[in-house]
Protein chains: 2
Amino acid sequence: METVEKLTKVLRNHSMKITPQRLMIFQILENNTSHPSAEEIFKRVKDIYPTVSFTTIYKTLEVLCDLGELRELTIDDARKHYDPNTNTHHHIICTSCKKILDVFEDFSPHVKLPESFRENYMISNFQVSFYGICKECN
Amino acid sequence: METVEKLTKVLRNHSMKITPQRLMIFQILENNTSHPSAEEIFKRVKDIYPTVSFTTIYKTLEVLCDLGELRELTIDDARKHYDPNTNTHHHIICTSCKKILDVFEDFSPHVKLPESFRENYMISNFQVSFYGICKECN
DNA sequence: AAGCTAACAAACAACTATTATCATTTAAAA
DNA sequence: TTTTAAATGATAATAGTTGTTTGTTAGCTT
Ligand SMILES: [Mn+2]
Ligand SMILES: [Mn+2]
Ligand SMILES: [Zn+2]
Ligand SMILES: [Zn+2]
């Protein structure tokens with residue numbers, strides 16, 4: 001199922017309303033692998049709905065995160081980025097231009113929390129972040 | 001060599017000055033595995049030097065990071081944390097209380113950037129972040 | 001189709017972490 | 001001790017994000 005359709009359904013199931021602004025956000029997120037920041041999403045929505053406010057963007061992104069339909073990435077120290085792909089995967093960020101790409105390698109067979117933590121932590125997930133410089137940034 | 005001694009030496013080598021405030025920060029960082037935020041460091045320095053400013057804390061932490069003597073952790077989405085241990089290692093963060101612990105497992109033999117990225121990226125390092133709930137937070 | 005109401009959007013204010021500016025002070029070299 | 005470059009601290013500014021209020025609307029009910 002495509003993102004727009006799925007998110008519409010999920011929000012409906014929670015008696016939340018589908019507004020034009022939200023639909024636009026869903027469309028922006030559909031098949032989006034660019035890991036946009038709130039501002040990048042805001043700008044694109046603003047092109048179509050010039051009166052949209054930042055609050056609306058943040059509120060909708062928060063709702064989607066709470067519903068588990070969106071991942072909030074803590075990888076760029078300057079701002080949060082959002083990822084509609086909620087399947088386990090990893091990232092590489094260029095420390096110069098801050099571009100974030102997906103790394104779909106499955107590290108789970110090898111990356112396990114050491115035994116000593118097992119009894120003290122309930123692990124929900126892990127993520128691997130690679131830091132480097134992309135070719136464009138040399 | 002202990003942290004205070006080492007940092008003093010490194011700063012001297014770069015013609016930087018050793019001030020009482022900086023020495024206090026060095027002491028706070030010595031053997032510190034709590035991954036403090038700037039504010040936590042600020043509060044502790046303030047106990048001894050009540051007129052210290054936040055600027056001094058941030059500036060000194062920036063200097064240490066630039067010199068490679070301190071690691072800035074991007075793992076808590078609310079604020080940066082600092083780690084005097086600059087050797088490669090990983091972390092587990094409790095998503096409830098935000099406590100950060102070290103994970104010293106060496107994942108480097110298994111966690112490698114996939115071949116497809118090799119020609120386009122100069123990787124400087126990677127980090128594994130485990131997310132979970134600690135026992136105290138249940 | 002019209003009315004109802006919880007949820008929403010927008011305007012705006014507030015807040016938090018961090019960085020910038022700059023006059024004053026000080027570490028440390030001469 | 002004098003000199004000077006660098007650090008400090010007061011203050012302001014900035015950026016990202018969250019909270020509040022009030023009028024509007026999606027989508028159900030009649
Ligand atoms: Mn991704
Ligand atoms: Mn650590
Ligand atoms: Zn780049
Ligand atoms: Zn906890």
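Convention: sequence-line order gives letters A, B, ...; per-chain numbering from 1.
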Within-4.5 Å side-chain heavy-atom neighbours: [X] and [Y]:
X	Y	answer
T56(A)	V45(A)	no
S129(A)	I93(A)	no
K99(B)	C134(B)	yes

Grab the [atom1]-[atom2] distance between [X] and [N] for me, whole Å please.
X	N	atom1	atom2	result
I25(A)	dC8(C)	CD1	P	12 Å
H81(B)	dT18(C)	NE2	C1'	14 Å
L23(A)	dT25(D)	CG	P	16 Å
F26(B)	dA7(D)	CZ	C1'	12 Å
D77(A)	dG16(D)	CG	P	12 Å

### Query
For the residue pair H110(A) and H110(B), does the interplanar ring angle fall in the parallel (under 30°), tilted (30 to 60°) or perpendicular (over 60°) class?
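Taking H110(B) first and then H110(A), their aromatic rings lie parallel (interplane angle under 30°).
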### Task
Evaluate the ring planes of Y58(B) and F54(B), with Trp represented by its six-membered ring, and classify them as parallel (under 30°), tilted (30 to 60°) or perpendicular (over 60°).
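Geometry flag for F54(B) against Y58(B): parallel rings.
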### Message
Contact list please: residues 37-59 of chain A against DNA chain D, heavy atoms, distance less than 4.0 Å, in numerical order.
### Response
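Heavy-atom contacts with DNA chain D come from T55(A), Y58(A).
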### Message
Over all strands shown, is Q21(B) touching base, sugar-phosphate only, or nothing at heavy-atom distances under 4.0 angstrom?
### Response
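Sugar-phosphate only.
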### Query
Between R79(B) and dT18(C), is there a side-chain N or O to OP1/OP2 distance below 4.0 Å?
no
### Task
Would you please confirm or rule out a distance under 4.0 Å between OP1 or OP2 of dT18(D) and any side-chain N or O of K80(A)?
yes
### Query
Do D76(B) and R79(B) meet the salt-bridge criterion of a basic N to acidic O distance under 4.0 Å?
yes
### Task
Taking all heavy atoms of F107(A) and all of V111(B), pick out the closest pair and write down the distance.
CE2-CA, 3.8 Å
### Approximate separation, where rounding is to 0.5 Å, of I41(A) CD1 and E39(A) CD
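Answer rounded to 0.5 Å: 11.0 Å.
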### Summary
Heavy-atom contacts, protein to nucleotides 25-30 of chain C, under 4.0 Å, summarised as B (base), S (sugar-phosphate only) or - (none) per nt, yield -BBS--
### Task
Run the ring-centre check on H81(A) versus H35(A) and record whether the distance is less than 6.0 Å.
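That pair fails the under 6.0 Å test.
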